[in-house]
Chemist: 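The structure under discussion is supplied below as structure tokens; questions concerning it will follow.
First the proteins, then the strands, lettered A, B, ... as listed; each starts at 1. This structure is a prediction, so every number in the text was calculated from the model and none was measured. Computed over heavy atoms, backbone and side chain alike; hydrogens, waters and symmetry mates excluded.
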Number of protein chains: 2
Amino acid sequence: MPAKDTGTEELIRSTAKKLFFKEGKLHATTQDIADAAGMNRSAVHYYFRTRDQLIALIFAESMQALSLRLGKVMSAELPFREKIQGLIEVFTNEMMEYPFQEVFLVTEINTAGHDLVTKIDEGPVSSFLNEIEKEMHLGTIEKTDPKHFLINLFSLLSYPIMMSPIYRQFFGMNEHQFDELIAERRELITRTMFK
Amino acid sequence: MPAKDTGTEELIRSTAKKLFFKEGKLHATTQDIADAAGMNRSAVHYYFRTRDQLIALIFAESMQALSLRLGKVMSAELPFREKIQGLIEVFTNEMMEYPFQEVFLVTEINTAGHDLVTKIDEGPVSSFLNEIEKEMHLGTIEKTDPKHFLINLFSLLSYPIMMSPIYRQFFGMNEHQFDELIAERRELITRTMFK
DNA sequence: ATTTATTTAAACAATTTTGTTGAACAAAAA
DNA sequence: TTTTTGTTCAACAAAATTGTTTAAATAAAT
């Protein structure tokens, strides 16, 4: 018998991810995916049965992978400041590659019948919140609910990238100019978070 | 003849806006809109001819109205700090009422054939950028590209609200608890922006 | 009362999208 | 070689959605 060919399946997966999360083609059909992957639409259904299952799968995988990477940084043996820089690095890279991932997630949640928010391991998050609180007592960051600290961090990281089409026009910048602006932000955000 | 009845037309408009921007029903059909407005689908086509035209219209109107309100605050005769507080007020209110407006806009941009980003009056923005730069020289806010100041402000305002379904789960909070967290942010953001 | 504008309803064609099926095919196993 | 297994594709049926049309009902102004 022929060896189970994972190549095609993986190609469909990555192509769908590219269309949805990278190019923001929210309404991409199974035909669109097949075209982009250079194959017959039947293959998509053969491997994933339905469009919804394919979407659910790439969501579960992406969320799983991202929260795993973030969790690793959060619970690493590192000084607080370096952890934050690690989070900035991981999150910025993820957003640069897949700017529409979060947008897609939050919009799909409101589409009836979807249950895309994967159960994540809340352990790293809650112990990192404790660490943030400790840091607040040390005085290196402003005292407030530690959740605000995380929310602020992710806001400053994510929003500009996912809204770039709007803000490029808002500031009258081309793609290259805006990318340079984004590049400046890693350092800027570190400074902002540590007042 | 009966006075041109704007009631029904307005009802369709506001219902569509509610579905798209408030409830995040990105895939709402003309039938969904008619149902939600309690009328026949034909009425939707009678007043707006096509679904796309209806969408284009509510986008143009919303963007127009919002950028007008923001522009007014930006060019008001007010001390800098109060202007920022004004922007926070206007933007937070808008996001609380229509959390998915920006998300919808940025996703629709990537859907071929749409041209939803309305031409806005860039006057208020560019003179406000100058004002921010002046403020940086005064030392009340950190020196950097003034665009970063605006981006940071809008990031801290928008992102947590539009991503609330994700972060509620991330922090294990119910809707009420998260709303209280959001309420704390107006003051927090002011403090953050003025280091 | 007549005219005009609105609203509902039903029916329709056209298009798009989805998901299934069966045949053809290739490669491995028997 | 024959059989089995896994893959690809064209064709098909079903469903959903859109936009149009026609007719009837309604209501309001002239």
Chemist: Do you know the tightest heavy-atom contact between B:Arg51 and B:Thr29?
Modeler: NE-CA, 4.1 Å
Chemist: Roughly how many Å is it from CG in B:Asp35 to C1' in C:dT8, rounded to a whole number?
Modeler: 14 Å
Chemist: In the 5'-to-3' direction, what one-character label does each nucleotide of nucleotides 9-20 of chain C receive under the scheme B = base within less than 4.0 Å of a protein heavy atom, S = sugar-phosphate only, - = no such atom?
Modeler: BB------SBBB
Chemist: Got a second to check how far A:Ile161's CD1 is from A:Ser164's OG, nearest 0.5 Å?
Modeler: 8.0 Å
Chemist: Going by side chain to side chain contact (heavy atoms under 4.5 Å, CB included), name the residues that satisfy it together with A:Glu122, two or more places apart in sequence or in a different chain.
Modeler: A:Ile120
Chemist: Using atom CD of B:Gln53 as one end and atom C1' of D:dT18 as the other, report the distance to the nearest whole Å.
Modeler: 13 Å
Chemist: Taking C-beta and beyond as the side chain, do A:Leu26 and A:Phe100 meet within less than 4.5 Å on heavy atoms?
Modeler: no
Chemist: Return each pair, listed once, that meets salt bridge (charged side-chain N to carboxylate O under 4.0 Å, His left out) where at least one residue sits in residues 175-184 of chain B; pairs must be two or more places apart or across chains.
Modeler: none
Chemist: Output all residues satisfying side-chain hydrogen bond (donor to acceptor under 3.5 Å, both in side chains) with A:Glu102, sequence neighbours left out; order by chain, then residue number.
Modeler: A:Ser158, B:Tyr159
Chemist: What do you reckon, is CZ of B:Arg186 surrounded by more than 12 foreign heavy atoms closer than 6.0 Å?
Modeler: yes
Chemist: Would you write the dot-bracket representation of DNA chain C, where each base gets (, ), [, ], | or . depending on whether it forms a Watson-Crick or G-U pair under 3.5 Å and with which partner?
Modeler: ||||||||||||||||||||||||||||||
Chemist: Run the side chain to side chain contact (heavy atoms under 4.5 Å, CB included) test against A:Phe80 and tell me which residues pass, sequence neighbours left out.
Modeler: A:Ile84, A:Phe128, A:Glu131, A:Ile132, A:Glu135, A:Ile141, A:Phe149, A:Phe194
